[in-house]
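Structure first, commentary second.
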Amino acid sequence: MIAHRPGVDLFDGLPDTRPRTEILAEDAVVLRGLLNNEDKAVMQALDKLLAAAPLRHMFTQGGHRMSVAMSNCGRVGWVTDRSGYRYDPIDPETDRPWPALPDAFHDIARRAAAQAGFDNFAPDACLINVYEPGARMSLHQDKNEHDFAAPIVSVSLGLPVVFLFGGMQRNDRPRRCRLEHGDIAVWGGQSRLAYHGVSPLADGHHPITGRRRINLTFRKAL
Ligand code: MD6
Ligand code: FE
């Protein structure tokens, strides 16, 4: 079952009862502000990861340059090029293995998955996505992973964005959900192969990330 975090913030003696868990669909939730105490530590870790495996704009099989800049950490990384989508243990830009998944990242993803009802999540891949104003992600399914029993855990940092969460068919009308700094979306089970995407990022400034949205997507790929 999905648990609400107990109200911890007090104002005028009243507990904050705003929902911390928003249900997107069967087995799909947004955990509001779940990251918030760890945001600066995550950003510091990211600086190191991106020094070892720089952000790049990948190309789809059809030859389109993706508007989102990407990198990875973990045992394998998600890549796309003229031969299609796959998980690869080697970063094609550096010809070296991707940097390891930091323990702190693993713990955050595992905690979020457990809170959404998926115990013992053990991610082996983390896709790092950086959105600048105008960048978007069209509706797609995450289906390059071997094992669909594990959920997808998606951490949002920086500028807010409209997340689109659809059904099992590409033309099911997606639900629109604002994702803000510190929110973590988790989808698995009945929703594991739901179509999802991100509307074009609106310009703005965020104190932690500047003019960007950063998304970390944890998966069990192998
Ligand atoms: C997001 N990203 O940025 C959701 N999926 O909130 C994704 O769904 C995604 O960024 C597959 C590959 C890259 C992605
Ligand atoms: Fe995705």
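No hydrogens, no waters, no symmetry mates; every other heavy atom, side chains included, goes into these values. Since we're looking at a predicted model, the values are computed, not measured. We count ligands from 1, going down the list as the structure has it; atoms in each ligand are counted the same way.
Considering backbone and side-chain atoms together, T217 places no N or O closer than 3.5 Å to any N or O of ligand 1.
With respect to atom 12 (C) of ligand 1, the closest heavy atom belonging to the protein is L127 CD2, 3.3 Å. In terms of protein heavy atoms, atom 9 (C) of ligand 1 is closest to H140 NE2, 3.5 Å. Counting only heavy atoms of the protein, atom 10 (O) of ligand 1 lies nearest to N129 ND2, 2.6 Å. If you check which protein heavy atom lies closest to atom 3 (O) of ligand 1, you get Y131 OH, 2.5 Å.
Heavy-atom contacts of R219 reach the following atoms of ligand 1: 5 (N), 9 (C), 11 (C), 12 (C) (cutoff under 4.0 Å). Heavy-atom proximity to M70, at under 4.0 Å, picks out these atoms of ligand 1: 13 (C).
If you look at I152 next to ligand 1, there are no close heavy atoms at all, none under 4.0 Å. In K143, neither the side chain nor the backbone holds a heavy atom less than 4.0 Å from any atom of ligand 1.
Ionic pairing of R192 and D147 is not present here: no N-O contact between side-chain nitrogen and carboxylate oxygen is shorter than 4.0 angstrom.
Taking the Fe ion (ligand 2) as the apex, the angle formed with NE2 of H196 and OD1 of D142 is 90°, to the nearest 10 degrees.
Each of R56, R86, R65 was compared with D81 under the salt bridge (charged side-chain N to carboxylate O under 4.0 Å, His left out) criterion, and only R86 meets it.
Rounded to the nearest 0.5 Å, atoms CG (D124) and OH (Y87) are 8.5 Å apart.
Within H140, the N, O or S atom lying nearest to the Fe ion (ligand 2) carries the name NE2.
R110 forms no cation-pi arrangement with F121, by the criterion of a distance under 6.0 Å to the ring centre and an angle within 45° of the ring axis.
Annotation: side chain of R96 is not in contact with side chain of D91 (no heavy-atom distance under 4.5 Å).
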* Stepwise, does the salt bridge (charged side-chain N to carboxylate O under 4.0 Å, His left out) test hold for E145 with R219? -> CA-CA 8 Å; E145 300 75 26; R219 299 101 187 282; 2.9 Å; yes

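Between W187 and F165, the angle of the ring planes goes over 60°, which puts this pair in the perpendicular group of the 30/60° scheme. Relative orientation of the F218 and F105 rings is perpendicular, given thresholds of 30° and 60° on the angle between their planes.
Sparse packing is recorded around CD of Q44, with 12 or fewer heavy atoms of other residues, nucleotides or ligands lying under 6.0 Å away.
Remark: among candidates H196, M137, R213, the nearest residue to atom 6 (O) of ligand 1 is R213, based on non-hydrogen atoms.
Residue R136 places no heavy atom under 4.0 Å from ligand 1.
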